[in-house]
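Here is the naming used below: chain letters follow the sequence lines, and residue numbers restart at 1 for every chain.
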Number of protein chains: 2
Amino acid sequence: MEHELGVKPMSAECLQHLKPVRDSLDILNGKWKIPIIVALLHHNYRFKELHRLIDGVTPKMLSKELKELELNELVKRTVFDTTPVTVEYSITPYGKSLEKVIFELGKWGSEHRARIMKGKESIKHARCPEKETVLPG
Amino acid sequence: MEHELGVKPMSAECLQHLKPVRDSLDILNGKWKIPIIVALLHHNYRFKELHRLIDGVTPKMLSKELKELELNELVKRTVFDTTPVTVEYSITPYGKSLEKVIFELGKWGSEHRARIMKGKESIKHARCPEKETVLPG
DNA sequence: CAGAATCCCCGAAGATACTG
DNA sequence: CAGTATCTTCGGGGATTCTG
């Protein structure tokens, strides 16, 4: 079991630690989950409000990703028995626990962006300088 | 500009902070990037070694994701002029800067996994208990 | 060995329309 | 309002084969 690949170890235990990382990414994945979470970290919103707030999302996708977030108990769905019916989405305490992770991701992302802007011309990366004009004032 | 959506603010600045987060996720995204990075955080590997080490990846995908990682200067590709040619991949210092982020993702993922295992039966989540038998001994 | 080229398929996601 | 239903397209990614 020592060197199945020649001289180098298999790093099997190392790759084992992969799973939790992938779990997190799976939960955060999908174009709209992070926007949803970030939005709900600041306010409760109703479906249509989220739809308006998050630029580009379709009702179908919004609904789908909200459901997934709900399944993981990151987001709570509350129905108010008005007419017509009102539904409010809010972040759960568990959802709040993602704040640190999201912060770290944002931090690294900022550094990365800064690094690219700072004339690292060797990098012709795709997404960064341009893209995503965020909701005009 | 105060309440365009009724009584609630737009949270435009909030959604602005999204971009760096998405940058990070974009870079980490793809089934194989994290496995590659984690592997290279421990050793340098050659193409075929990575191919064997990372269970399930095809040469095409491995090549593609390695290229993307290279573009972002997270991974370095070194060609040795032997016959036949040898290529070694290694993590760059910049790639190393991802360690913290990956650690946080792993930490949250572990907690999430633990939480689910701990009999939170209300959650019928997809990926977690089973899946991914990691490289048998 | 280290990949590139080719073919192909299936599922994610957009557009549009409809319902309780 | 808060979604669902259907239809369709598009490209990510698998399997396989080929090359320097």
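Both G56(B) and P84(B) lie near DNA chain D, and the one whose nearest nucleotide falls closer to the 5' end is G56(B).
A donor-acceptor pair is defined here as one N or O able to donate and one able to accept, closer than 3.5 Å; such a pair exists between the side chain of E65(B) and the backbone of K33(B).
Closest contact between the side chain of K48(A) and the listed nucleotides dG13(D), dC1(D), dA2(C) involves dC1(D). When each of dC1(C), dA13(C), dG20(C) is scored by its nearest atom to the side-chain atoms of V85(A), the top-ranked nucleotide is dG20(C). In the set dA15(C), dG13(D), dA2(C), the nucleotide with an atom closest to the side chain of T58(A) is dA15(C).
The aromatic rings of Y89(A) and F47(A) sit tilted, their planes meeting at an angle between 30° and 60°.
Residue R46(B) places none of its side-chain N or O atoms closer than 4.0 Å to OP1 or OP2 of dC1(C).
How far CD1 of I34(A) is from NZ of K19(B): 16.0 Å, rounded to the nearest 0.5 Å. Note that CD1 of I36(B) is 5.0 Å distant from CD1 of I54(B), once rounded to the nearest 0.5 Å.
Regarding L62(B), its CG atom lies at a distance of 18 Å from the P atom of dT16(D), rounded to whole Å.
Under a hydrophobic-cluster definition in which Ile, Leu, Val, Met, Phe, Trp and Tyr are linked whenever side-chain heavy atoms come within less than 4.5 Å, directly or via other members, V85(A) and L62(A) are assigned to the same cluster.
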What pairs of nitrogen or oxygen atoms, one from the protein and one from nucleotides 3-6 of chain D, lie under 3.5 Å apart?
unit_1	atom_1	unit_2	atom_2	d
dG3(D)	OP1	R77(A)	NE	3.2
dG3(D)	OP1	R77(A)	NH2	2.7
dG3(D)	OP2	Y89(A)	OH	2.6
dT4(D)	OP1	K67(A)	NZ	2.9
dT4(D)	OP2	S63(A)	OG	2.8
dT4(D)	OP2	K67(A)	NZ	3.3

